[in-house]
Participant: 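Below: one structure in structure tokens.
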Amino acid sequence: DTEVTQTPKHLVMGMTNKKSLKCEQHMGHRAMYWYKQKAKKPPELMFVYSYEKLSINESVPSRFSPECPNSSLLNLHLHALQPEDSALYLCASSLGVANEKLFFGSGTQLSVL
Amino acid sequence: GESVGLHLPTLSVQEGDNSIINCAYSNSASDYFIWYKQESGKGPQFIIDIRSNMDKRQGQRVTVLLNKTVKHLSLQIAATQPGDSAVYFCAENILGFQKLVFGTGTRLLVSP
């Protein structure tokens with residue numbers, strides 16, 4: 001299995017909702033990432049997990065809460081989001097934790113109303 | 001009016017031409033570079049990578065060139081095909097940091 005799988009593919013939520021984005025990989029990768037991508041812009045790093053521990057938080061607002069239940073799964077919990085948080089949320093994984101190519105999922109297109 | 005910031009640089013080529021996409025990076029401590037291709041509605045797809053101890057690397061129909069002196073990276077695509085139409089991003093990893101930073105991207109349009 002050489003895929004990073006993200007669910008759901010699309011999500012519409014209100015500003016008072018709580019939702020979660022899910023990401024799964026079965027490649028034995030030890031690092032997992034969340035990126036945010038606005039239209040016509042490059043992906044921007046949000047969080048990095050190495051060996052199931054949070055190693056980088058790029059000053060992301062607390063309304064985004066990551067979780068890594070095990071080495072294959074990565075979640076992003078969403079609460080009280082703003083309309084400007086609407087974007088494509090990409091999950092990625094890499095075999096090692098530095099200087100390794102990232103494999104990306106297809107993303108979750110999130111719309112906050 | 002339109003904001004310049006909303007438009008990606010675009011390279012338009014004819015099918016069969018060779019394409020060259022350029023990228024300038026800013027950090028001289030970057031030691032690993034990747035080119036990604038992103039099609040509409042999909043995540044970035046790995047194309048080719050290069051480490052800072054090399055200046056050229058070739059793949060199938062693609063070549064990456066690295067010029068550390070001027071901090072420049074390029075992606076050459078031979079015999080460009082309509083299926084190559086996508087947005088191409090360069091990305092750099094800064095030595096000592098577990099962090100891949102993406103460039104602004106270039107849209108490649110291939111016409112038959």
Participant: Tell me, side chain or backbone of A/Glu44 under 4.5 Å from chain B's heavy atoms, or both, or neither?
Facilitator: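 Nothing of A/Glu44, per the 4.5 Å heavy-atom cut-off to chain B.
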Participant: I'd like to check the side-chain contact (heavy atoms from CB on, under 4.5 Å) partners of A/Ser72; sequence neighbours left out, ordered by chain and number.
Facilitator: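 Checked A/Ser72 against side-chain contact (heavy atoms from CB on, under 4.5 Å); matches are A/His26, A/Asn70.
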Participant: May I ask you to decide if the ring planes of A/Phe104 and B/Tyr36 are parallel, tilted or perpendicular, using 30° and 60° as cut-offs?
Facilitator: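 The arrangement is perpendicular - the two ring planes meet at more than 60°.
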Participant: Which one, B/Thr104, B/Asp49, B/Leu100, leads in non-hydrogen pairs under 4.5 Å with chain A?
Facilitator: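 When all of B/Thr104, B/Asp49, B/Leu100 are compared, B/Leu100 has the most.
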Participant: Just checking, any donor-acceptor pair under 3.5 angstrom between side chains of B/Glu92 and B/Ser30?
Facilitator: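 Indeed, the side chains of B/Glu92 and B/Ser30 share at least one donor-acceptor pair under 3.5 Å.
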Participant: Report which part of A/Leu90 has an atom under 4.5 Å of a heavy atom belonging to chain B: side chain, backbone, both, or neither.
Facilitator: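 Interface part for A/Leu90: side chain.
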Participant: Side chain, backbone, both or neither: which part of A/Ser55 has an atom under 4.5 Å from a heavy atom of chain B?
Facilitator: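 Side chain of A/Ser55 only, per the 4.5 Å heavy-atom cut-off to chain B.
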Participant: Is it the case that the ring center of A/Phe47 lies less than 6.0 angstrom away from the ring center of A/Phe64?
Facilitator: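 For A/Phe64 and A/Phe47, the ring centres are not under 6.0 Å apart.
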Participant: Chain A heavy atoms under 4.5 Å from B/Ile34: which part of the residue, side chain, backbone, both or neither?
Facilitator: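 B/Ile34 touches chain A through side-chain heavy atoms alone.
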Participant: If you count heavy-atom pairs under 4.5 Å with chain B, which of A/Gln37, A/Gln6, A/Gln109, A/Lys9 comes out on top?
Facilitator: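 Top option by heavy-atom pairs under 4.5 Å: A/Gln37.
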Participant: So what's closer than 4.5 Å to chain A heavy atoms on B/Gln38: side chain, backbone, both or neither?
Facilitator: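 Just the side chain, heavy atoms under 4.5 Å.
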Participant: How long is the straight-line distance from OG1 of B/Thr106 back to CG of B/Leu75, given to the nearest 0.5 Å?
Facilitator: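 With rounding to 0.5 Å, CG (B/Leu75) is 9.5 Å from OG1 (B/Thr106).
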Participant: So, A/Ser20 versus A/His77: side-chain donor-acceptor pair below 3.5 Å or not?
Facilitator: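 Their side chains do contain a donor-acceptor pair, which is all the 3.5 Å distance test asks for.
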